[in-house]
Amino acid sequence: MVNQHETLSAEQQQEILEKYDPDAATRKLKGTMGIIVFLGLLAFSIFQLYASIAQTVPRQILLSVHLGFALSLIFILFPASRKTRKKDSVAWYDYILALLAVGVGAYWPLMLETIFNRVGVLTTLDLTVGTIGILLTLEATRRAVGLPITIIATLFMAYAYFGQSMPGFLAHRGLNFEGLVNTMFFTSQGILGTPLYVSATFIFLFLLFGAFLVKTGVGQYFNDLALSIAGRRIGGPAKVAIFSSALQGTISGSSVANVVTSGSFTIPMMKRLGYRREFAGAVEAAASTGGQIMPPVMGAAAFLMVEFIGGISYWDIAKAAAIPAILYFSGIWIMTHFEAKRVGLKGLPKEQLPNRKEVLSKIYLLIPILMVIILLMSGVSVMRAALWSIVGTIVVSAIRKDTRIGFAKMIEALVDGARTALSVAAATASAGIIVGVVTKTGLGLKLANGLVGLANEQLLLTLFFTMITSIVLGMGSPTTANYVITSTIAAPAIILLGVPALSAHLFVFYFGIVADITPPVALAAFAAAGVAGGEPIRTGVNASKLAIAAFVIPYMFVLSPELLMINTTIPYLIWVLFTAFTGMLAIGAGIIGYWYRKMYWFERIIAVAAGLMLMYPEGLSDTIGMILFVLLVASQIMTKNKGKFKLA
């Protein structure tokens with residue numbers, strides 16, 4: 001195993017997390033306030049578990065209480081400014097905001113029948129509570145999630161209010177103040193809408209599932225498993241990072257958190273072996289970002305897709321995302337392999353690897369993840385699958401003393417899960433504002449028509465413009481908020497041109513996620529640079545190169561939905577996979593500049609061209625690409641030991 005002094009300390013990890021992930025920048029409360037927050041988080045989880053098991057809590061009450069818990073705890077835990085994040089006391093005004101949040105959360109449960117009986121007619125008290133609820137939601141989102149989604153939600157509300165003043169095709173009747181508050185807080189189209197419902201049901205349970213898994217030590221087990229499988233291979237630590245991050249991504253909801261937890265272990269190993277700091281950070285950033293597209297959790301966005309697309313199951317989405325995710329990680333693996341060969345890096349020595357027997361003896365820790373997949377495949381509802389998987393985690397953990405989850409760890413898991421859910425609840429509440437405005441004003445269709453018109457109804461051009469839009473909208477946003485924004489604003493443009501809804505939603509989701517490693521706002525890459533001690537922008541550029549598959553694969557599954565296992569046959573799917581993987585091999589070699597030997601500049605161009613042709617799902621392009629591929633391989637093999645070749 002790698003010596004402990006080579007990894008980052010817990011304090012260093014937390015410092016980097018707080019710098020790049022708003023969700024981690026919380027107060028460190030002790031004493032009475034610490035106990036109150038602890039009990040509040042515990043009560044939040046207990047309420048959510050009760051609602052999920054009983055399934056008798058009315059929707060509006062469930063969402064209102066969920067929102068009240070999240071907002072009040074955010075104001076206590078998250079300071080108004082990050083400059084005060086290290087303080088262990090709560091500002092006086094945050095107590096007031098927290099109490100107001102409790103009142104907002106309690107309003108629907110207390111006034112449910114009265115509100116329904118008034119049928120949309122608001123009293124002065126309704127207007128006051130609704131206005132406070134909207135403002136508290138925006139401020140809590142700013143603190144726990146960040147400015148991007150807060151600004152977008154605010155602009156959307158301004159658009160709804162000033163609709164008559166909008167130019168051209170953007171103009172609409174507009175909503176008066178009462179209509180705006182009514183839509184945002186007293187209907188199912190605003191804050192208490194679909195995104196928050198998904199947060200209060202599916203997402204919360206899976207976050208709890210992840211928290212229980214963490215208590216078994218599964219995070220460290222992922223690292224050990226990755227080391228035992230990939231550690232001795234060429235460029236071993238980089239491949240460990242890829243494999244470990246793919247596993248972490250199955251339960252993680254944050255690419256930045258994934259970078260810091262996995263990267264604090266893998267990046268020092270890569271640097272020690274000889275990788276450049278920027279490249280080591282880039283490998284971890286690209287792999288950790290890919291964790292958000294790895295089923296079964298997919299950064300919680302898959303749960304939102306079920307509600308947004310309609311007519312499909314969660315399992316349909318997880319199944320569709322599997323092959324693109326495998327191709328994505330294969331692409332990173334291929335390029336790190338070629339980079340290791342180019343630089344001459346070997347694997348780790350045997351004494352630095354974990355004992356294989358010990359690793360295999362803990363293979364049972366993966367059973368809960370397999371349970372989720374099996375239960376979903378068998379048609380069990382997402383909520384029941386999550387609940388049974390939590391139970392399964394507790395049972396499985398009891399096999400060995402060092403993984404056992406006792407009563408104390410159960411309580412800790414409930415608290416940790418609720419803490420993780422705070423930022424998700426805030427993000428989805430603000431996302432509800434965006435969805436509400438789009439639904440009420442028809443803005444989504446207007447933007448889609450504008451984007452299609454700009455592209456002159458050409459599919460490839462529309463995809464390109466949508467890609468740019470999604471990357472820009474995704475900058476600085478967490479996964480759930482990221483998906484809501486891109487799917488609401490960008491996806492309708494692709495659907496207008498006849499693309500299946502699932503392909504369109506996954507397309508914008510991929511490019512929204514890629515924003516985490518695309519400069520200038522590449523939070524995952526910047527966090528990795530912080531761990532590696534490298535230059536942030538250069539790390540982001542390297543990560544974007546390694547993640548080239550993420551820029552190609554979405555085009556593939558839009559042009560050929562069979563890649564998402566939609567209306568396909570096994571033979572055709574095998575052929576598409578074969579050509580796609582071969583194409584990734586050629587593109588990886590061309591970008592790195594090494595295959596069996598160093599490549600001339602023109603060989604690199606031919607390799608990338610051949611790879612793109614192979615990845616484009618069409619007979620003629622596949623044929624030309626395969627011919628070029630075979631010629632390149634033959635040339636490389638025949639000349640690999642002849643003379644010296646300079647890297648262009």
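Each residue takes its place number in the sequence, starting with 1. The structure displayed is predicted, hence computed values, not measured ones.
- Between Ile374 atom CD1 and Ser378 atom OG the span is 8.5 Å, to the nearest 0.5 Å.
- Leu506 CG to Ile494 CD1: the interatomic distance, rounded to the nearest 0.5 Å, is 10.5 Å.
- Residues Ser635 and Met599 have side chains not in contact (no heavy-atom distance under 4.5 Å, counting atoms from C-beta outward).
- Side chain of Glu278 to backbone of Glu535: a donor-acceptor contact under 3.5 angstrom is found.
- The aromatic rings of Phe202 and Tyr197 stand perpendicular to each other, their planes meeting at an angle above 60°, with 30° marking the opposite boundary.
- Residues Ile537 and Phe526 form a side-chain contact, since some pair of their non-hydrogen atoms from C-beta on lies under 4.5 Å apart.
- For the pair Asp622 and Leu614, the tightest heavy-atom approach, listed with the atom from each and the gap, is OD1-O, 3.2 Å.
- Here the side chains of Tyr555 and Met615 are not in contact, with every heavy-atom distance at 4.5 Å or above.
- Side-chain atoms of Glu284 never come within 3.5 Å of backbone atoms of Ala528 as a donor-acceptor pair (strictly under, hydrogens ignored).
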inquiry  = side chain to side chain contact (heavy atoms under 4.5 Å, CB included), that's the test. Do Leu631 and Ile606 meet it? Break it down for me.
reply    = CA-CA 10 Å; Leu631 290 174; Ile606 293 171; over 6 Å; no
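- The OG atom of Ser503 lies 10.0 Å from the CG atom of Leu463; values are rounded to the nearest 0.5 Å.
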key: Chi angles and distances behind the side chain to side chain contact (heavy atoms under 4.5 Å, CB included) call for Glu603, Trp595   = CA-CA 10 Å; Glu603 290 179 306; Trp595 205 329; over 6 Å; no
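- In this structure, the side chains of Leu459 and Val499 come closer than 4.5 Å at one or more pairs of heavy atoms.
- No donor-acceptor pair closer than 3.5 Å links the side chain of Ser288 to the backbone N or O of Ala285.
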ask   = side chain to side chain contact (heavy atoms under 4.5 Å, CB included) between Leu460 and Leu559: does it pass, once the steps are laid out?
value = CA-CA 9 Å; Leu460 282 176; Leu559 297 171; 4.3 Å; yes
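- In this structure, the side chain of Thr150 engages the main chain of Gly146 through a donor-acceptor pair within 3.5 Å.
- Here the side chains of Val484 and Leu304 are in contact, with some heavy-atom distance below 4.5 Å.
- Residues Ile587 and Ile334 fail the side-chain proximity criterion, which asks for heavy atoms closer than 4.5 Å.
- Inter-residue side-chain proximity for Thr639 and Tyr596 is flagged as unmet; no heavy-atom pair is nearer than 4.5 Å.
- The backbone N or O of Arg597 lies less than 3.5 Å from a partner atom in the side chain of Gln636, making a donor-acceptor pair.
- Under a cut-off of 6.0 angstrom, the local environment of CZ in Arg276 is crowded, with over 12 non-hydrogen atoms contributed by other residues, nucleotides or ligands.
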query = For Met565 and Leu573, what are the C-alpha separation, side-chain angles and deciding distance, and is it a side chain to side chain contact (heavy atoms under 4.5 Å, CB included)?
reply = CA-CA 8 Å; Met565 293 189 252; Leu573 184 61; 4.0 Å; yes
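- The existence of a salt bridge linking Lys545 and Glu339 is excluded, since no basic side-chain nitrogen approaches an acidic carboxylate oxygen closer than 4.0 Å.
- A distance of 11.5 Å separates OG of Ser470 from CE of Met475, quoted to the nearest 0.5 Å.
- Taking the six-membered ring for Trp, Phe578 and Trp575 have ring centres closer than 6.0 Å.
- Panel note: side chain Ser560, backbone Met556; no donor-acceptor pair is recorded below 3.5 Å.
- Ser423 approaches Val145 most closely through the heavy-atom pair O-CG2, 3.4 Å.
- For Ala493 against Val452, the heavy-atom pair with the smallest separation is O-CG2, 3.4 Å.
- Shown here for Pro324 and Phe557, the closest heavy-atom pair between the two residues is CG-CD2, 3.9 Å.
- Not a single donor-acceptor pair under 3.5 Å links the side chain of Gln458 to the backbone N or O of Leu461.
- With hydrogens and angles ignored, the 3.5 Å screen pairs no side-chain donor or acceptor of Ser244 with any backbone N or O of Ala241.
- Of all the heavy atoms in Ala287 and Phe329, the pair that sits closest is O-CE2, 3.4 Å.
- At most 12 non-hydrogen atoms from other residues, nucleotides or ligands lie less than 6.0 angstrom from CZ of Phe464.
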For residues 510-519, dump all side-chain donor-acceptor pairs below 3.5 Å to protein atoms at least two apart in sequence or in another chain.
residue, atom, partner, partner atom, Å
Tyr510, OH, Ala325, N, 3.4
Asp516, OD2, Ser255, OG, 2.5
Thr518, OG1, Val514, O, 2.7

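- Here His337 contributes atom NE2 and Lys239 contributes atom NZ; the two are 5.0 Å apart, rounded to the nearest 0.5 Å.
- Among residues two or more places apart in sequence or in another chain, the side-chain contact (heavy atoms from CB on, under 4.5 Å) test is passed with Gln189 by Thr183, Thr187, Thr439, Lys440.
- Annotation: the span from Met305 atom CE to Leu502 atom CG amounts to 7.5 Å, rounded to 0.5 Å.
- In terms of modelled atom types and a separation under 3.5 Å, the side chain of Ser430 and the main chain of Ala427 share no donor-acceptor contact.
- Asp316 and Ser313 share a donor-acceptor pair across their side chains, judged by distance under 3.5 Å alone.
- Using a 4.5 Å heavy-atom threshold, the side chains of Phe156 and Ile485 count as separate.
- Listed here is the closest heavy atom pair of Ala238 and Val283: O-CG1, 3.7 Å.
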